[in-house]
Structure formats: C-alpha cells, structure tokens
Amino acid sequence: MKRYALFCGTYNLLMGGANDFQESVETLEEVKEKAEQIAKEKRFKYWVQIFDKETDTFTTYSVVDGELKERALPE
C-alpha cells in the first residue's frame, strides 16, 4: 500500500471499513485531487477520509454540495 489511503462512504463513518477503501497513492497532492473528484462526481458519498500511514494521522471531510468540508477533530 502506498503512503496515503483514501476512503469514502455513504453512511456514517463509524459504519465504514474495508469496503470504503478507494485506493492508495504516494503524494498528498494526488490524494487531495482524488478526494475532490469524489466530492464532485459521486452523488451519494457523504464523507471522505485521507489516512497518512507514515504519520498514522487522518483527515476527515464531509461532502457538501460537491465540495469537501474538513471536519474538526473531537476534543
């Protein structure tokens, strides 16, 4: 698997898993482009998550009107 993994789904993120995996890519720029493409083209996707396996961190977005809106991390 490459450095950045891209996940997206229709239901609540907590219902996700391996079925929500889309692909993995090497660069942050490439994974962000692919996430934006999902937001624009996939009508029934409500969230997108980018996981960085090197730093073990992730960013989660809601899909709103064809655009990504970053979700705040719970405190």
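Note that these values count all heavy atoms, side chains included, but never hydrogens, waters or copies made by symmetry.
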**Q** Step by step, work out the side chain to side chain contact (heavy atoms under 4.5 Å, CB included) result for Thr55 and Arg3.
**A** CA-CA 9 Å; Thr55 63; Arg3 179 174 176 172; 3.8 Å; yes

**Q** Is the shortest side-chain heavy-atom distance between Thr60 and Val48 below 4.5 Å?
**A** no

**Q** Establish whether Tyr4 and Leu6 are linked, either directly or via other cluster members, by ILVMFWY side-chain heavy-atom contacts under 4.5 Å.
**A**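 Linked, Tyr4 and Leu6 end up in one cluster.
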
**Q** Is Thr57 close to Phe51 at the side-chain level, that is, under 4.5 Å between some pair of heavy atoms?
**A**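 No - every pair of side-chain heavy atoms lies 4.5 Å or more apart.
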
**Q** Quick check for you: to the nearest 0.5 Å, what is the distance between Lys2 atom NZ and Thr27 atom OG1?
**A**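 Going from the NZ atom of Lys2 to the OG1 atom of Thr27 covers 10.0 Å.
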
**Q** Which atoms form the tightest heavy-atom contact between Lys45 and Val63, and what is the distance?
**A**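 Closest pair (atom of Lys45, atom of Val63, distance): O-CB, 3.5 Å.
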
**Q** Is there a donor-acceptor pair under 3.5 Å between the side chain of Thr10 and the backbone N or O of Phe44?
**A**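 The answer is yes, because a donor-acceptor pair under 3.5 Å joins these two groups.
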
**Q** Please name the pair of heavy atoms, one in Asp52 and one in Glu54, separated by the smallest distance, quoted to 0.1 Å.
**A**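 Scanning both residues, the minimum pair turns out to be OD1-N, 2.9 Å.
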
**Q** What distance do Ile50 atom CD1 and Phe7 atom CZ have between them, rounded to the nearest 0.5 Å?
**A** 11.0 Å

**Q** Rounded to the nearest 0.5 Å, how far does OG of Ser62 lie from NZ of Lys69?
**A** 10.0 Å

**Q** Specify the closest pair of heavy atoms between Met1 and Phe21, including all atoms of both residues, with the distance to one decimal.
**A** CE-CE1, 3.9 Å

**Q** Show every side chain to side chain donor-acceptor pair (under 3.5 Å) that has at least one partner inside residues 31-40, sequence neighbours left out.
**A**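 Qualifying pairs: Gln37-Glu41.
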
**Q** Flag yes if Leu68 and Leu28 sit in one hydrophobic cluster, no otherwise; membership is Ile, Leu, Val, Met, Phe, Trp, Tyr, and two members link when side-chain heavy atoms are under 4.5 Å apart.
**A** yes

